[in-house]
Undergrad: 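Pasting a structure here, questions to come.
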There are 2 protein chains.
Amino acid sequence: MPVENDYKTVNLNEVAKKAGVSIATVSRVINNNPNVTPVTRTKVQQVIRKLKYSPNRVAKRLRNRYASSNLLGVLIPDIQNPFYVEVLRGIEDVAYENKYALIMCNFSQDEKKEKLYLDILQSESIDGLIAAPTHEHDQKVIHLVKSGLPIVCVDRGLSGVDVDVVLVENKNGAFAAVDHLAKNGYKRIAYISGLPQLPSSQQREAGYIEALMANKLPVDRELIRLGDSSHESGVRLCEELLNLSSPADAVFAGNNLITLGALETIHKRKLKIPQDIAVIGFDDMYWSISLNPPLTAVRQPAYEIGKRAAELLIQRINDPVRPTVSMILKTELMIRNSC
Amino acid sequence: MPVENDYKTVNLNEVAKKAGVSIATVSRVINNNPNVTPVTRTKVQQVIRKLKYSPNRVAKRLRNRYASSNLLGVLIPDIQNPFYVEVLRGIEDVAYENKYALIMCNFSQDEKKEKLYLDILQSESIDGLIAAPTHEHDQKVIHLVKSGLPIVCVDRGLSGVDVDVVLVENKNGAFAAVDHLAKNGYKRIAYISGLPQLPSSQQREAGYIEALMANKLPVDRELIRLGDSSHESGVRLCEELLNLSSPADAVFAGNNLITLGALETIHKRKLKIPQDIAVIGFDDMYWSISLNPPLTAVRQPAYEIGKRAAELLIQRINDPVRPTVSMILKTELMIRNSC
DNA sequence: AAAAAAACTGTAAACGTTTTTATTGCAATA
DNA sequence: TATTGCAATAAAAACGTTTACAGTTTTTTT
């Protein structure tokens, strides 16, 4: 037996009846349509207040297909990664300013989950979407872009389709980090990569290799470890690197979580940073200074990324035909004590 | 000028026309109503697949007021706090298993923002809500509970109303931490509180005071500092405590962010932990071991909190009249090296 | 073979809005 | 006074579903 739950279902009809006008008039009052006598307007407004009427957004959205749902979708690969949390904060601040709420979908790098969430988002008729697709050829997202839904990609682009995108200089950032390691005399610099199919992972690897070459260091494939961008993979791959017959003397970690994982392994082995092994992470955190030792890291302007992405998205919603832009933000090497 | 964006608007009508049946039949096929000939069913299914039809959830929800929107609202006070992120992960996993998507609202301890988001959530006709209200007397949330919307509170209860709630033993957790400090010989143990109106802050303070008394230590109001649960307040209040004529020799930090703030201050002053000053934080993080020094902390089972809350919520959605429960989870003192 | 029952399918109403179109009342004009 | 024009309001259609009810076909029963 379905239980009666008494969501207040005050609707236009009740308001209209009580105010002695038609629902059209009430609707006009609500939407500030000027064609209403001041006296009628106040009368209706009083009833609205008395009955605590608030419009049903579902009905509203059904009626005007192009009416704003004031809903933005956000498709995030990994909510555990502080980087994305920071991006989210940027998005959220801008969204709030513009009176949008966020439907946040965390797909944990799981393509099936991503698909489910995208389906939901689409049929919720969101106004726009900020996404970090699983990879450059993410058909589902590409299809959405083609369908005309306003979309901004962050962290990862989309190939073969015209879409706004906010990225950072991954290659330069990685180069700076590895170059710094090399200049400090480290010879066996390892790279622990995130998911290898991600453009960002690839670009960081490219920067890594370029820096090695610039410093006349050999590129040893043994020192490049491919993971899945998780904390656990950082732990494991760092162990592998330390177990090599000729172990790494420095680690360049592909992201936040990998860095923390690597640190965990190093601390468990009671190795000294940077004497025994140096560490530089991609992604800075506001508490990096409190790590042991204070971490040297490539700072991505995460909050800024989110903020820009949200701004671009709202721009596009308001002007669907403006040319697409790619926004490339700078990274910054924060030198502390881990190298 | 509104631009024509061609969201594929395949609807029941088109499918029906193409399949040569009525929209009622198509609807029945979609909803697995048994009263359809197998031959008709497959015919319709083919058309559905061919046209890539997917039902419009907005229309669906308008029609069946009590139909599931498959949307859960989450009202989070501070997305920057890793504790809530972990809670969110727990919620999300359960939600996904049960095919719910999340509307995530981060209100940053701002009551106005909270109200806006609640309005949106309500008129989105979500199926249920998980909330950490700003305080025990949060009228807005109380009103929602009374209206019959399924709600589960986390981290903070709600007074004077019957609602499911998932909490931790704040007082016991705090007691264990402060007792540990006292047993290690610290005499001037400070407490940096989060927002004082939060029940959790109050309970932790109670545990703190009880532990002092149990160890025959005086309660010095000077050593109790009230903040706003933020990183910044941790930085500032820790400075105040170190500036006292008779400074604190140990700090019990009221949450995650406060802990990180306090650490920042201590490191800036080049003080040694735990020799110069000991630190215990409320809230453990998986990277606490990588902090300098590895942090002793009261672990809240954050993921578990989220998971339980989501389970309770889904139970309530499916059975709105089951009696409410309060779930109190245990904390655990993770002893590492900061004391 | 006709009647009754069962199984299937179609029609139309309803959900709560917005908006187009129609109606009303009233002042200004001829 | 009869007509027009205008403003304010009302009526009705539409958005895409689900579902009660009616209608049709098929099957079973007599």
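Only a predicted model underlies this, so the values are computations on that prediction, with no experimental measurement involved. Atom set for the values below is all heavy atoms of this structure, side chains included, hydrogens, waters and symmetry mates excluded. Order of the sequence lines sets the chain letters (A, B, ...), proteins ahead of strands, with each chain counted from 1.
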Undergrad: For atom NZ of A/Lys18, is the number of surrounding heavy atoms from other residues, nucleotides or ligands below 6.0 Å larger than 12?
TA: no
Undergrad: So, does the side chain of A/Arg28 form a donor-acceptor pair with the base of D/dA10 at under 3.5 Å?
TA: yes
Undergrad: Measure from the side-chain heavy atoms of A/Thr40 and tell me the nearest of C/dT17, C/dG10, D/dT9.
TA: D/dT9
Undergrad: Rounding to an integer number of Å, can you tell me how far B/Lys43 NZ sits from C/dC8 C1'?
TA: 12 Å
Undergrad: B/Tyr84 and side-chain hydrogen bond (donor to acceptor under 3.5 Å, both in side chains): which single residue from B/Asp155, B/Asn106, B/Asp78 fits?
TA: B/Asp155
Undergrad: Just to be sure I understand the rule, does B/Asn11 reach a base, reach only the sugar-phosphate, or reach nothing, if contact means heavy atoms closer than 4.0 Å?
TA: sugar-phosphate
Undergrad: Roughly, in whole Å, what's the span from NZ in A/Lys60 to C1' in C/dC15?
TA: 16 Å
Undergrad: Counting distance only, does the side-chain N/O of B/Asp319 pair as donor-acceptor with the main-chain N or O of B/Gln315 below 3.5 Å?
TA: no
Undergrad: Looking at A/Asn13, does any N or O in its side chain come under 4.0 Å of the phosphate oxygens OP1/OP2 on C/dG16?
TA: no
Undergrad: Output yes when A/Arg308 and A/Glu304 qualify as a salt bridge under the 4.0 Å nitrogen-oxygen rule, no when they do not.
TA: yes
Undergrad: From D/dA12, D/dT18, D/dT17, pick the nucleotide closest to the side chain of B/Tyr53?
TA: D/dT17
Undergrad: How many Å lie between CD1 on A/Ile30 and C1' on C/dG16, as a whole number?
TA: 11 Å
Undergrad: If you look at every strand shown and take non-hydrogen atoms under 4.0 Å, does B/Val21 touch a base, only sugar-phosphate, or nothing?
TA: sugar-phosphate
Undergrad: Please report the distance, rounded to the nearest Å, between CG in A/Asn33 and C1' in C/dT20.
TA: 12 Å
Undergrad: Specify the residue among B/Val36 and B/Ala59 whose closest nucleotide of DNA chain C lies further upstream toward the 5′ end.
TA: B/Val36
Undergrad: Counting only side-chain nitrogens and oxygens, does B/Ser27 get under 4.0 Å of the OP1 or OP2 atom of D/dT17?
TA: no
Undergrad: What nucleotide, of C/dG10, D/dT9, D/dT17, holds the atom closest to the side chain of A/Thr25?
TA: D/dT9
Undergrad: C/dT17 C1' sits how many Å from A/Arg61 CZ, rounded?
TA: 13 Å
Undergrad: What nucleotide, of C/dT19, D/dT18, C/dG10, holds the atom closest to the side chain of A/Ala24?
TA: C/dT19
Undergrad: Checking only heavy atoms, does the side chain of B/Arg57 share a donor-acceptor pair with the base of D/dG16 at less than 3.5 Å?
TA: no
Undergrad: Check this one for me: any side-chain N or O of B/Thr37 less than 4.0 Å away from OP1 or OP2 of C/dT9?
TA: yes
Undergrad: A/Arg41 has an atom CZ; how far is it from atom P of D/dA7, in whole Å?
TA: 16 Å
Undergrad: Starting from P on D/dT18, measure out to CG on B/Leu62 and report it in whole angstrom.
TA: 12 Å
Undergrad: Can you tell me if B/Asn31 uses its side chain to pair, donor with acceptor, with the backbone of B/Asn33 under 3.5 Å?
TA: no
Undergrad: Charged N to carboxylate O below 4.0 Å: is that the case for A/Arg89 and A/Glu86?
TA: yes
Undergrad: Under 4.0 Å: is that the gap between some side-chain N or O of A/Asn56 and OP1 or OP2 of C/dG16?
TA: no
Undergrad: Specify the separation, in whole Å, of atom CG of B/Asn31 and atom P of D/dG16.
TA: 17 Å
Undergrad: Let me spell it out: for each of B/Pro38 and A/Ile23, pick the nucleotide of DNA chain C with the closest heavy atom. Which residue's pick is nearer the 5' end?
TA: B/Pro38
